[in-house]
Amino acid sequence: MKVLLAGEIDAEWRRELAAAMPEATWLDAGEADAALVANPPPGALAGQPRLRLIQSLWAGVDRLLADPTLPAGVPIARMVDPAMSAAMAETALWATLSLHRGFFAYAQAQREAVWRVHAQRRADEVGVLVLGQGEMGRAAAERIAQQGYPVRGWRRSRRHDDTPLPALLADAAIVINLLPLTAETRGLLDAGFFARMAPGSAIVNLGRGAHLVEADLLDALDRGHLRHAVLDVFQTEPLPAVHAFWRHPSVTVLPHAAALTDARSASAGAAANLRAARDGRPLAHRVDRARGY
Ligand code: NDP
């Protein structure tokens with residue numbers, strides 16, 4: 001099987017992929033039976049008439065689907081990697097603990113040499129809402145719930161008895177975004193959304209930068225309606241050095257590092273899907289192009 005590699009696939013990935021699928025021939029150009037992609041430049045898969053699978057090494061496929069030259073009709077699969085889900089759960093838990101116990105405020109106070117103790121609440125008094133209940137959202141919600149926080153989730157396929165989003169927002173002290181970026185979710189975290197969040201609550205964006213209207217967040221923080229924001233993803237990445245988020249006292253910045261794909265475990269999953277495509281067996285983690293995730 002000839003597999004085209006496109007995008008950010010470094011020497012470690014190539015080593016792990018070759019070990020996971022020694023029978024494959026890996027190409028950087030030319031006609032292939034399948035493509036393995038990591039944030040490929042637009043047009044990277046144009047003129048590939050034989051592809052049986054486009055396997056992403058990234059969990060989010062928003063940029064891939066935005067490429068107008070993406071071959072039509074070829075199945076797309078996204079990365080689901082247990083090591084990445086575990087890492088995401090750790091980041092979500094760290095953000096929750098830090099926001100709940102005021103550790104970001106204490107870090108800021110240290111920089112200013114200010115000795116001031118904040119009130120302490122119990123974990124069961126701090127409601128957490130996780131937007132998205134897929135691989136990432138579920139892993140995060142379970143991990144946080146294990147620490148005693150009341151956790152609620154929000155997803156697309158809501159049942160008729162599920163609580164609507166405004167009521168969920170009003171009840172949460174911490175809102176964690178783990179939605180995929182689609183036409184429906186782009187710009188969801190805007191002024192109207194923040195207005196529905198409880199006064200003094202905090203937002204954690206681990207999804208995609210385009211979920212968030214950055215000026216609206218700055219306004220909500222500066223007015224004191226929101227207490228803090230933990231941001232891993234941004235409209236422009238890397239985050240420009242002049243951006244207000246870097247130095248804002250109520251913003252904690254991560255460099256899109258909430259959960260990296262682990263080349264060791266992810267290569268095994270990618271190889272299993274490539275073999276399934278080769279042998280005509282069902283594929284795992286198919287993307288629904290119309291739905292956008
Ligand atoms: P999944 O496809 O497994 O889950 C997506 C979830 O979002 C599902 O529960 C889905 O609902 C829900 N959803 C989708 N659209 C809507 C909508 N319009 N309204 C409400 N809920 C919606 O994705 P993953 O959990 O694997 O990943 C989620 C995202 O996390 C990725 O797309 C990526 O952008 C981001 N990510 C970020 C990383 C980082 O380092 N910062 C690393 C990895 C991923 P339903 O269950 O009903 O289908």
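When a ligand or atom number is given, it counts from 1 through the structure's own listing order. Not measured: the values here are computed from a predicted model.
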Give the residue, atom name and distance (to 0.1 Å) of the protein heavy atom nearest [atom].
atom                    : answer
atom 8 (C) of ligand 1  : G134 N, 3.7 Å
atom 43 (C) of ligand 1 : A59 CB, 3.8 Å
atom 48 (O) of ligand 1 : Y293 OH, 2.6 Å

Residue selection (non-hydrogen contact nearest [atom]) among [options]:
atom                    : options                : result
atom 3 (O) of ligand 1  : R138, R78, M136        : R78
atom 5 (C) of ligand 1  : S157, G153, S85, P180  : P180
atom 21 (N) of ligand 1 : Q133, R156, E184, R291 : R156
atom 35 (C) of ligand 1 : A258, G207, G60        : G207

### Sub-3.5 Å N/O-N/O distance, L181 and ligand 1
no
### Query
So is T185 polar-close to ligand 1, meaning N/O to N/O under 3.5 Å?
no
### Query
Which is it for Q108 and E112 under the side-chain hydrogen bond (donor to acceptor under 3.5 Å, both in side chains) test, yes or no, and what are the steps along the way?
CA-CA 7 Å; Q108 177 70 20; E112 293 159 9; 2.7 Å; yes
### Message
With rounding to the nearest 0.5 angstrom, report the CD to CD distance, E31 to Q48.
### Response
6.5 Å
### Query
So, does T182 sit close enough to ligand 1 that a heavy atom of it is under 4.0 Å from the ligand?
no
### Message
Just to be sure I read this right, does ligand 1 sit under 4.0 Å from the backbone of L179, its side chain, both, or neither, counting only heavy atoms?
### Response
both
### Query
Using 30° and 60° as the class limits, which term best fits the ring planes of F234 and F245: parallel, tilted or perpendicular?
tilted
### Task
For the pair R50 and D33, find out whether any cationic side-chain nitrogen is under 4.0 Å from an anionic carboxylate oxygen.
yes
